[in-house]
*Asks:* 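Input: one structure, supplied below.
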Amino acid sequence: MNTISWNYFQVSFGYNKLFTVEPDGRSGGLALFYMDSYDVSILYFDKHMIDISATIEGHKVYLTFVYGDPFIETGVWFMYGDFNEITGNHEKIRGKKRSETYFIAFKAMLAACGMVDFPYKGNSMSWVGYCKSGKVQRRLDRAVGNEDWHQYFFHTNVEYLKLWGSDHRPDGLRDALEEGWGPIEPDGNRPLHVKLRDDRRAISRWKRANLSNSEKKIATIKELLRKHNMMQT
């Protein structure tokens, strides 16, 4: 449908706004008619959907308009990685208990994609953190496959390896920095570019030996620089 036809429908329906996604050749294409009074913002669009936010009766709402393909793609499908989500409270140790509604979105995604867990061995609590109540563990990493994958590769299994290093041991970085920079005190014997070079080498050695949390590294570096600047003044 061309622009003139869209504009005709817009006027006929009484809408004062129009957003379109152009068709691919002679097929597809999307059109969204709306009133400007709803304060609509286009958040995302492609050939299959238009995602928007709007204000209705004083409430901010989100709406998604979908145009699906008339067929479902099938094939052997495997997913692996840090999903940063869990399917229930049984996949965490300690920490605040969450309501069952919290897990709906992730479980729905897995179900919609036809994903099924593989047998595994080892400690599946692949992430470790700390809070006021102590150490918290969660199963954030997983491997899943659809029915076709399980049929063709039925021998697939997952092994959770030992957690070497930790996101919660920043002292290793501190030692590396002091090794490269030298004592946190005025030092006129070594030029700045030499200290920076040695720092980079020390941090590289430390990174190879430790899995580190970026925020904690930044906080540690800031603290070291703060102490250094105080001693320089």
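Computed over heavy atoms, backbone and side chain alike; hydrogens, waters and symmetry mates excluded. It should be emphasised that the depicted structure is a prediction, and the values quoted were computed from it without experimental measurement. Quick note: residue numbers are just sequence positions, from 1.
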*Asks:* Please name all residues satisfying side chain to side chain donor-acceptor pair (under 3.5 Å) with Arg94, sequence neighbours left out, ordered by chain then number.
*Replies:*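 For Arg94 there are no side chain to side chain donor-acceptor pair (under 3.5 Å) partners, ignoring immediate neighbours.
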*Asks:* Would you indicate whether the side-chain heavy atoms of His48 and Val66 approach each other to under 4.5 Å?
*Replies:* no
*Asks:* Sorted by first residue and then second, give each salt bridge (Lys or Arg N to Asp or Glu O under 4.0 Å) pair with at least one member in residues 51-62; sequence neighbours left out.
*Replies:* none
*Asks:* Side-chain polar contacts of residues 34-42 - donor-acceptor pairs under 3.5 angstrom, sequence neighbours left out - could you list them?
*Replies:*
none

*Asks:* List the residues meeting side chain to side chain donor-acceptor pair (under 3.5 Å) with Tyr44, not counting sequence neighbours, and say none if there are none.
*Replies:* Asp46
*Asks:* What is the distance from atom CG of Leu140 to atom CD1 of Ile86, rounded to the nearest 0.5 Å?
*Replies:* 7.5 Å
*Asks:* Any idea which heavy atoms bring Arg142 and Glu85 closest together, and the distance?
*Replies:* NH2-O, 4.2 Å
*Asks:* To the nearest 0.5 Å, what is the distance between CG on Leu32 and OH on Tyr15?
*Replies:*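 Here the interatomic distance stands at 9.0 Å.
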*Asks:* Quick check for you: to the nearest 0.5 Å, what is the distance between Lys92 atom NZ and Trp127 atom CH2?
*Replies:*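 Here the interatomic distance stands at 9.5 Å.
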*Asks:* Please list all pairs meeting ring pair (Phe, Tyr, Trp, His ring centres under 6.0 Å) that have one or both residues in residues 75-94, counting only residues at least two apart or in different chains.
*Replies:*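 Residue pairs passing ring pair (Phe, Tyr, Trp, His ring centres under 6.0 Å), neighbours aside: Phe78-Phe118, Phe78-Trp149, Phe83-Phe106.
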*Asks:* Keeping the roles fixed (side chain from Ser126, backbone from Asp141), state whether a donor-acceptor pair exists under 3.5 Å.
*Replies:*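 Yes; at least one donor-acceptor contact below 3.5 Å.
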*Asks:* Yes or no on ring pair (Phe, Tyr, Trp, His ring centres under 6.0 Å) for Phe19 and Phe33, after CA distance, side-chain angles and deciding distance?
*Replies:* CA-CA 7 Å; Phe19 179 82; Phe33 302 93; over 10 Å; no
*Asks:* Take Ile50 and Val21 through the side-chain contact (heavy atoms from CB on, under 4.5 Å) test and state the conclusion after the steps.
*Replies:* CA-CA 8 Å; Ile50 300 175; Val21 178; 4.1 Å; yes
*Asks:* If I compare all heavy atoms of Asn84 with all of Asp82, which pair ends up nearest, and what's the gap?
*Replies:* N-OD1, 2.9 Å
*Asks:* Run the salt bridge (Lys or Arg N to Asp or Glu O under 4.0 Å) test against Arg139 and tell me which residues pass, sequence neighbours left out.
*Replies:* Glu91, Asp117
*Asks:* State, yes or no, whether a side-chain contact exists between Phe45 and Ile52 at a heavy-atom distance under 4.5 Å.
*Replies:*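 No, every pair of side-chain atoms sits at 4.5 Å or beyond.
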*Asks:* Is there a donor-acceptor contact under 3.5 Å from the side chain of Asn123 to the main chain of Tyr160?
*Replies:*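 Checked: no pair found.
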*Asks:* Show your reasoning for whether side-chain contact (heavy atoms from CB on, under 4.5 Å) applies to Leu30 and Lys47.
*Replies:* CA-CA 7 Å; Leu30 300 171; Lys47 65 179 182 179; over 6 Å; no
*Asks:* Look up atom NZ in Lys96 and atom CG in Asn89, then write down how far apart they are to the nearest 0.5 Å.
*Replies:*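 Atom-to-atom, Lys96:NZ and Asn89:CG are 11.5 Å apart.
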*Asks:* What's the spacing between Leu43 CG and Met49 CE if we round to 0.5 Å?
*Replies:* 9.0 Å
*Asks:* Where the side chain of Asn146 meets the backbone of Val116, is there a donor-acceptor pair that is under 3.5 Å apart?
*Replies:*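 Not confirmed, Asn146 side chain does not pair with Val116 backbone.
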*Asks:* Using the rule that Ile, Leu, Val, Met, Phe, Trp and Tyr join whenever any side-chain heavy atoms are under 4.5 Å apart, tell me whether Ile93 and Tyr102 fall into a single cluster.
*Replies:* no
*Asks:* Which pair of heavy atoms, one from Gly75 and one from Asp148, lies closest together, and at what distance?
*Replies:* O-OD2, 3.2 Å
